[in-house]
Novice: 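To start, I am sharing the structure in question, which I have written as structure tokens.
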Amino acid sequence: MRKELNSISEIKKEIARLQRDADKLKQKTRSKLVSDILRSMKENDLSPEDIAQAFHKSPLKTKAVSKIRYRHPDGHTWTGRGRTPTWIKQIEAEGRSREDYAVSND
């Protein structure tokens with residue numbers, strides 16, 4: 001049932017027609033869906049306020065910030081997680097221990 005389209009204007013007209021058809025179908029589907037939702041709300045004694053409250057739940061907890069485990073005298077810090085920073089690699093290459101720069105998180 002595909003119609004042969006020979007020009008850009010014919011294609012644009014077909015696109016417009018299909019968009020109108022899609023909008024009509026969406027509206028028809030939306031109306032039925034709203035009716036189903038309202039029926040379900042009545043069956044379960046839910047108010048619009050109950051539904052609104054579900055949309056206003058508290059935000060998800062934020063990710064906890066890792067404590068600093070190592071601090072260099074020049075201000076660089078590291079949590080001990082992830083890639084080892086260059087300054088830690090340098091002090092270990094010099095024969096010192098990273099524990100010399102450990103921070104007490106008491």
Novice: For Arg20, which residues count as a salt bridge (Lys or Arg N to Asp or Glu O under 4.0 Å) partner, sequence neighbours excluded?
Specialist: none
Novice: Clusters formed by hydrophobic residues whose side-chain heavy atoms approach within less than 4.5 Å: which one holds Leu18, and what are its other members?
Specialist: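 None, because no other hydrophobic side chain comes under 4.5 Å of this residue.
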Novice: Identify the two heavy atoms, one from Ser66 and one from Arg81, that lie closest to each other, and give their separation to 0.1 Å.
Specialist: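 Taking every non-hydrogen atom into account, OG-NH1, 3.1 Å.
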Novice: Suppose we screen for salt bridge (Lys or Arg N to Asp or Glu O under 4.0 Å). Which residues come up paired with Glu43, at least two apart in sequence or across chains?
Specialist: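 Checked Glu43 against salt bridge (Lys or Arg N to Asp or Glu O under 4.0 Å); matches are Arg39.
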Novice: Decide yes or no on salt bridge (Lys or Arg N to Asp or Glu O under 4.0 Å) for Glu10 and Lys13, but give the supporting numbers first.
Specialist: CA-CA 5 Å; Glu10 287 179 357; Lys13 286 178 185 177; over 6 Å; no
Novice: Which ILVMFWY residues can you reach from Ile8 by hopping between side chains whose heavy atoms are under 4.5 Å apart?
Specialist: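 Grouped by the 4.5 Å side-chain rule, Ile8 forms a cluster of one, so the answer is none.
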Novice: Going by side-chain hydrogen bond (donor to acceptor under 3.5 Å, both in side chains), name the residues that satisfy it together with Asp74, two or more places apart in sequence or in a different chain.
Specialist: His72, His76
Novice: Side chains of Gln27 and Asp23: do they bring a donor and an acceptor to under 3.5 Å?
Specialist: no
Novice: Do the side chain of Gln19 and the main chain of Ile15 share a donor and acceptor less than 3.5 angstrom apart?
Specialist: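 Such a contact is absent between Gln19 side chain and Ile15 backbone.
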Novice: Which ILVMFWY residues can you reach from Leu46 by hopping between side chains whose heavy atoms are under 4.5 Å apart?
Specialist: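 For the cluster that includes Leu46, the remaining residues are Leu33, Val34, Ile37, Leu38, Met41, Ile51, Phe55.
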Novice: Does the side chain of Trp78 reach to within under 4.5 Å of the side chain of Ile68, using non-hydrogen atoms?
Specialist: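 They are not in side-chain contact.
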Novice: Holding to salt bridge (Lys or Arg N to Asp or Glu O under 4.0 Å), I want the full list of residues that pass it with Lys32, two or more places apart in sequence or in another chain.
Specialist: Asp36
Novice: Taking side-chain hydrogen bond (donor to acceptor under 3.5 Å, both in side chains) as the definition, give me every residue that meets it alongside Thr79, ordered by chain and number, with sequence neighbours left out.
Specialist: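 Residues passing side-chain hydrogen bond (donor to acceptor under 3.5 Å, both in side chains) with Thr79: none at all.
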Novice: Give a yes-or-no answer on whether the side chains of Ser97 and Asp100 include a donor-acceptor pair shorter than 3.5 Å.
Specialist: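 Note: Ser97 and Asp100 side chains miss the donor-acceptor criterion.
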Novice: With sequence neighbours excluded, what pairs up with Arg30 under the salt bridge (Lys or Arg N to Asp or Glu O under 4.0 Å) test?
Specialist: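 Salt bridge (Lys or Arg N to Asp or Glu O under 4.0 Å) check on Arg30 returns nothing, list empty.
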Novice: Could you list the residues that satisfy side-chain hydrogen bond (donor to acceptor under 3.5 Å, both in side chains) with Lys28, not counting sequence neighbours?
Specialist: none
Novice: Listing request: all side chain to side chain donor-acceptor pair (under 3.5 Å) pairs with a residue in residues 83-94, at least two apart in sequence or in separate chains.
Specialist: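 Every side chain to side chain donor-acceptor pair (under 3.5 Å) pair that includes a residue of residues 83-94, provided the two are not neighbours, is Glu92-Arg98, Glu94-Arg96.
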Novice: Roughly how far, to the nearest 0.5 Å, is the NZ atom of Lys67 from the OG atom of Ser104?
Specialist: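 With rounding to 0.5 Å, OG (Ser104) is 9.5 Å from NZ (Lys67).
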Novice: Once side-chain hydrogen bond (donor to acceptor under 3.5 Å, both in side chains) is applied, do any residues pair with Glu99, and if so which ones, sequence neighbours excluded?
Specialist: Tyr70
